[in-house]
Protein chains: 2
Amino acid sequence: MVARGRPRSFDIDQALDQALYVFWEKGYEGASLPDLTRAMGINRPSMYAAFGNKEALFRKVIERYSATHSALFAQALAQPTAREVAEHLLKGTAGLCSDRGNPPGCLLVRGALSCSEAADPVREELVARRAANEAAIRRRLERAKSEGDLPIDSNPADLARYLSTVMQGMTVQASGGATRAQLQKVVLTALRAWPS
Amino acid sequence: MVARGRPRSFDIDQALDQALYVFWEKGYEGASLPDLTRAMGINRPSMYAAFGNKEALFRKVIERYSATHSALFAQALAQPTAREVAEHLLKGTAGLCSDRGNPPGCLLVRGALSCSEAADPVREELVARRAANEAAIRRRLERAKSEGDLPIDSNPADLARYLSTVMQGMTVQASGGATRAQLQKVVLTALRAWPS
DNA sequence: ACTATTATGTATCGAACGGTAAATATATTG
DNA sequence: CAATATATTTACCGTTCGATACATAATAGT
């Protein structure tokens, strides 16, 4: 498969990164095509030729976002104890949510929490990805419990949901202007609920 | 001040309630004027005559929403101990977030978490109201601390932010389909972080 | 050089957006 | 019964939305 025709004048991944930033800040529906193409440095037909349409672009952006951040996620789940898993997840989220280089909070939450019917497929995709992340935490905690790393009366599903809730809440906090130091204190408080 | 001219054919508060429901479900930008006027049972010029424009309508809806729910809020803050304040806030939020009669979660979070620049004033209004609610919790906990109802080494601001974070996280959870039972378990876990 | 293929730039599409002008309907006041 | 005042209805405004048709530019293969 050799390249034919006029070569593309922009880098796909670089353009996706620019689009990511816009979607992250404004959400799926809040980001207009002029917003996106301006940030990407291309014009509309080039975007449609390369990515299909707005929704397909968003899905590719989400895919890229997840791939980038799954490393941090996987690293947290790879911690030796459940307690350290929780710590890494919460502290990592606090760090991400207060990274001045990015819009505040998590794209999976900000992307389409509420929207018009037209964006429902996108909203459901984000719901599914949040659920998948929570399920991954739950499975890790189930393993921890079977290893005796969590008390016999603890509930991995409940703990996973609690962690997800606090992480998602941090996105709202960050969107409201919470600082890194403030989020880190939230993490310390939240960890006091962890079974010992 | 006596009524003159043709009388209004609809009830203002009832129309606001219908608009509330639409904004609650779709957010400020996701709710279109046809969505709103259809739910309100009136046509566009009547809406503009009665409320001004879409943003003014939203602000009146928010005002009404806050007034309705401030009762629940005030009741929680009126609990005798800090522990009971936290319990009431979290359990009340879990109940509200999983009320099948309403869209899932809190309007102050769902209304405009991320949006286009055009909706920034509305987003900032919601940020301010969330901050005001958190400040009210903080003041109640400061009082509790001064009354010896909270440990001397506890931090009311941090605890208030933690409660806000969990409550806001529950809105995201509810938007993702979490059930009442699941949210109640989140509350029980979250309360284990509470200082004794 | 010529053809085939792909990307880009311009100019535009129909639909939906928030918002209104103007005419008509329904009430109170004198 | 006018005269006045407000509400509703219809039809429409200009703008922005996501998405494209079409002509032009730039590459590879023969």
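Note on naming: letters A, B, ... go to the chains in the order of the sequence lines (proteins, then strands), and numbering restarts at 1 for each one.
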Between protein and nucleic acid, restricted to nucleotides 27-30 of chain C and to nitrogen or oxygen atoms under 3.5 Å apart, what atom pairs and distances do you find?
residue: C:dT28; atom: O3'; partner: B:Ala3; partner atom: O; Å: 3.4

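- Under the side-chain contact (heavy atoms from CB on, under 4.5 Å) criterion, A:Thr81 pairs with A:Arg83, A:Glu84, A:Asp149, not counting sequence neighbours.
- Other members of the cluster containing B:Leu113 are A:Val109, A:Leu113, A:Val172, B:Val109, B:Val172, with ILVMFWY side chains joined at under 4.5 Å, either directly or via other members.
- Atom pair B:Phe58:CZ and C:dC17:C1' shows a separation of 18 Å (rounding to whole Å applied).
- Contact annotation for A:Ala31: backbone-only contact, meaning every heavy-atom pair under 4.0 Å involves sugar-phosphate atoms and none involves a base.
- Which of C:dG18, D:dT8, D:dC17 sits closest to the side chain of A:Pro34 comes down to D:dC17.
- For DNA chain C, no neighbouring residue in residues 18-27 of chain B is found when judged by any heavy atom under 4.0 Å.
- When rounded to the nearest whole Å, the span between CG of A:Leu33 and C1' of D:dC17 equals 8 Å.
- For the 3.5 Å distance criterion, the side chains of A:Ser114 and B:Arg110 fail to qualify, holding no donor opposite an acceptor.
- Partners of B:Tyr48 according to the side-chain contact (heavy atoms from CB on, under 4.5 Å) rule, which considers only residues two or more places apart in sequence or in another chain, are B:Leu33, B:Arg44, B:Asn53.
- Every residue two or more places apart in sequence or in another chain was checked for a salt bridge (charged side-chain N to carboxylate O under 4.0 Å, His left out) with A:Glu25, and none qualifies.
- By the side-chain contact (heavy atoms from CB on, under 4.5 Å) test, B:Ala178 is found to be paired with A:Arg161, B:Gln173, B:Gln182, B:Leu183, residues two or more places apart in sequence or in another chain being considered.
- Rounded to an integer number of Å, the gap from B:Asp11 CG to D:dA7 P is 14 Å.
- Between the CG atom of B:Leu36 and the P atom of C:dA16 there is a distance of 17 Å, rounded to whole Å.
- Residue B:Ser9 places none of its side-chain N or O atoms closer than 4.0 Å to OP1 or OP2 of D:dA7.
- Between B:Phe10 atom CZ and C:dT26 atom P the separation is 17 Å, expressed in whole Å.
- When hydrophobic side chains of Ile, Leu, Val, Met, Phe, Trp and Tyr are connected at separations under 4.5 Å, A:Leu72 ends up as a singleton with no cluster partners.
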Result block: side-chain N/O donor-acceptor pairs under 3.5 angstrom for residues 185-196 of chain B, not counting sequence neighbours:
residue: B:Thr189; atom: OG1; partner: B:Lys185; partner atom: O; Å: 3.1
residue: B:Arg192; atom: NE; partner: A:Ala193; partner atom: O; Å: 3.4
residue: B:Arg192; atom: NH2; partner: A:Ala193; partner atom: O; Å: 3.2

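- Under the rule for a salt bridge (charged side-chain N to carboxylate O under 4.0 Å, His left out), the partners of A:Arg138 that lie at least two apart in sequence or sit in another chain are A:Glu142.
- Judged as a side chain to side chain donor-acceptor pair (under 3.5 Å), and not counting sequence neighbours, B:Ser9 has no contacts.
- Computed from coordinates, the B:Glu29 CD to D:dC17 C1' distance equals 12 Å when rounded to whole Å.
- Looking at residues 41-57 of chain A, you'll see A:Asn43, A:Pro45, A:Ser46 sit with a heavy atom under 4.0 Å from some atom of DNA chain C.
- In this structure, A:Lys54 satisfies the cation-pi test against A:Tyr28, with its NZ or CZ atom closer than 6.0 Å to the six-membered ring centre and inside 45 degrees of the ring normal.
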